[in-house]
Amino acid sequence: MATMRVVQVSKPKGPFEMVERPIPEPPAGWVRIKVQACGVCHSDSIVKEGLFPGLEYPRVPGHEVAGVIDAVGQGVVQWTKGQRVGVGWFGGNSGHCESCRRGDFFACDEVKTTGISFDGGYGEYMLAPASAVAMMPGDLSPVEAAPLMCAGITTFNSLRNSGARAGDLVAVHGLGGLGHLGVQYAAKMGFYTVAVARGQDKEPLAKKLGAAVYIDSEKVDAAAELKKLGGAKAILATVTSGEAMSAIQGGLGVRGKLLVVGAAPSMQTSPLLLIFGARTIQGCYSGTSIDSQDTLRFSAFSGVRSMNETYPFERASEAYERMTSGKARFRAVLTIGT
Ligand SMILES: [Zn+2]
Ligand SMILES: [Zn+2]
């Protein structure tokens with residue numbers, strides 16, 4: 001029987017282990033993907049550290065997958081062998097629950113999460129439900145596409161659904177794995193893009209990525225600076241500090257929206273700030289597979305690219321350490337095969 005190598009975690013807080021397994025056959029409604037690249041995301045700590053109740057081990061993490069369809073299960077109509085595809089956090093939906101019937105596939109009662117509900121992309125092959133798969137354009141390499149399947153879609157989708165229009169002031173708070181993509185998307189969508197981060201040293205990069213203005217939140221009150229510029233129609237909060245999020249919301253203009261994508265444990269707000277000015281705080285989930293497909297296409301033709309450190313997947317542990325220690329500039333991507 002043909003075998004494949006995968007990197008698995010066999011228990012909460014256990015190490016990454018390279019193991020051999022039989023190459024699985026796709027069941028009905030699923031496809032098999034020959035993985036070419038897989039991004040390493042902070043959320044992979046859910047598997048590594050055992051943060052998800054009921055997660056079954058061993059589990060192969062990885063929800064920023066780029067590869068090629070290698071086999072299709074019975075009843076799969078929209079995918080064929082040889083297509084270049086990606087799989088992100090959204091791991092498929094049932095199609096029959098109330099949320100699905102209302103079109104809110106992400107909120108499906110039986111929604112699956114790639115690399116959590118089923119084995120993800122830290123391996124030579126993986127299986128995915130057909131509904132979790134996105135088409136990858138030919139002009140994106142697997143390494144370019146992989147991080148867009150989570151960090152990319154999260155920022156792209158929240159910005160395009162924010163209600164801000166071309167020319168509006170949109171701030172991107174934080175300039176890390178998510179923020180460095182958020183600035184590019186905001187600029188390419190035609191927003192007057194303001195990057196907010198800590199330290200003067202990040203200004204050249206922010207400008208290079210397309211920011212019209214850079215605000216150093218260590219030196220000045222970022223909310224006050226945004227107000228001086230007229231107030232933000234949207235602030236994409238990619239930081240994971242609740243205090244930092246709370247502090248910047250004062251920079252929202254009338255009908256401004258704080259788009260929360262950074263998973264801080266808590267944050268504070270002011271009802272008065274929200275009421276007078278009809279401001280909103282909105283949580284943004286990443287998106288479904290068709291949103292991933294839109295993200296890839298937009299990135300391919302507009303030139304938005306993630307800045308990546310690449311590692312062969314044999315060195316998954318090292319890549320994960322780089323990512324979780326915050327040292328990676330800006331995403332870590334595993335390469336698999338050649
Ligand atoms: Zn992720
Ligand atoms: Zn459903």
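Counting starts at 1 for both ligands and their atoms, in listed order.
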- Task: Just to the nearest 10 degrees, tell me the angle at the Zn ion (ligand 1) spanned by His63 NE2 and Cys150 SG.
- Result: 110°

- Message: To check you understand the geometry: which heavy-atom pair defines the closest contact between Leu148 and Tyr185, and what is its length?
- Response: CD2-OH, 3.5 Å

- How wide is the angle at the Zn ion (ligand 2) between SG in Cys108 and SG in Cys100, to the nearest 10°? 110°

- Message: Within a 6.0 Å radius of atom CZ on Arg297, are there more than 12 heavy atoms belonging to other residues, nucleotides or ligands?
- Response: no

- Which word best sums up how the rings of Phe156 and Phe298 line up, parallel for under 30°, tilted for 30 to 60°, or perpendicular for over 60°? tilted

- To the nearest 10°, what's the angle at the Zn ion (ligand 2) between atoms OG (Ser94) and SG (Cys97)? 120°

- Ring geometry between His63 and Trp89 (parallel below 30°, tilted from 30 to 60°, perpendicular above 60°): perpendicular

